[in-house]
Structure formats: C-alpha cells, structure tokens
Amino acid sequence: VFWLLLQFSRAMRAMRLAGQAPVGHVDSAVMLNAKLRPGMTMLQVIGLSRSLGRRLDDGDDHWAWSDEGGSTVRLQFRGGKLASFELQRPTP
C-alpha cells in the first residue's frame, strides 16, 4: 500500500509541475535530448521536461517538445517505454 501511495504521489507531483508550463515547450530541446535514454517512461520524460508534450499526428505514441530557438525533440514510445528520439534543429 505504501508503494502505491508513493507512486501516486510522484505522478501527481510531476503532473502538477507540468500543468503550470505551456504544452510542448521546454527551455532547451538540446538539453532534454541529452538527458533522454531508451526505456524511460512518459512520467520520467515529463519530469525532465517539466511540461506535457505535444502529441503528433503521425503515430499513436509520437510526442514532441520544442524550445524558443525552433529546435524540436521528437519521441516515440512503444509499450509505455521510450523507444526512439531525435533532435531536429532549424537550418541556420
């Protein structure tokens, strides 16, 4: 029971922080990309980005976060785990 309460508390704290930020926005997409690892859960990614991702139309579990400079991190989840991610930077 304690473990369930701990997990629920973590999820609520992450959602509360993410709910205060614009959807799909991060301070630095490059730094988020550097911290990502395959196998991370969506809750861990939300904790790193401190915002909810923007769902993309090209797939079921495809999400994106962008920064002010136009850089975007695109993530793909499979089975609730991060399967792949890529950083897209604007052309100079």
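Nothing fancy with the numbering, it's 1 onward along the sequence.
Under a hydrophobic clustering in which Ile, Leu, Val, Met, Phe, Trp and Tyr are joined whenever their side-chain heavy atoms come within less than 4.5 Å, directly or via other members, Leu75 and Val23 fall into different clusters. Hydrophobic clustering (side-chain heavy atoms under 4.5 Å, transitive across Ile, Leu, Val, Met, Phe, Trp, Tyr) groups Leu43 together with Phe77.
Partner of Leu87 under the side-chain contact (heavy atoms from CB on, under 4.5 Å) criterion, out of Thr72, Leu36, Val30: Val30 alone.
Annotation: side chain of Arg54 is in contact with side chain of Ser66 (closest heavy-atom distance under 4.5 Å). Counting heavy atoms from C-beta on, the side chains of Leu32 and Leu48 come closer than 4.5 Å. Taking the side chain as every heavy atom from C-beta outward, Leu82 and Arg37 never approach each other to under 4.5 Å. By the 4.5 Å heavy-atom criterion applied to side chains, Asp61 and Arg78 are not counted as neighbours.
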Show the numbers, then the answer: is there a side chain to side chain contact (heavy atoms under 4.5 Å, CB included) between Lys81 and Met40? CA-CA 5 Å; Lys81 302 284 184 175; Met40 294 178 85; over 6 Å; no
So Arg74 and Leu56, side chain to side chain contact (heavy atoms under 4.5 Å, CB included) or not? Walk me through it. CA-CA 9 Å; Arg74 296 172 54 105; Leu56 301 176; 3.5 Å; yes
Going through the distances and angles, do Asp57 and His62 end up as a side chain to side chain contact (heavy atoms under 4.5 Å, CB included)? CA-CA 8 Å; Asp57 293 332; His62 293 185; over 6 Å; no
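A distance-only check finds no donor-acceptor pair linking the side chain of Ser49 to the backbone of Val26 [under 3.5 Å]. With hydrogens and angles disregarded, a donor-acceptor distance shorter than 3.5 Å links the side chain of Gln44 to the backbone of Thr41. At least one donor-acceptor pair under 3.5 Å links the side chain of Asp67 to the backbone N or O of Gly70.
Asn33 approaches Glu86 most closely through the heavy-atom pair OD1-C, 4.3 Å. The shortest heavy-atom contact between Gly69 and Pro90 is O-CG, 3.4 Å.
Interatomic distance, NE2 of His25 versus CG of Asp27, reported as 5.5 Å (0.5 Å rounding). Rounding to the nearest 0.5 Å places CD of Gln76 at 4.0 Å from OG of Ser84. Here Gln7 contributes atom CD and Phe2 contributes atom CZ; the two are 10.5 Å apart, rounded to the nearest 0.5 Å.
For the residue pair Trp65 / Ser51, a side-chain donor-acceptor distance below 3.5 Å is found, with atom types taken as modelled.
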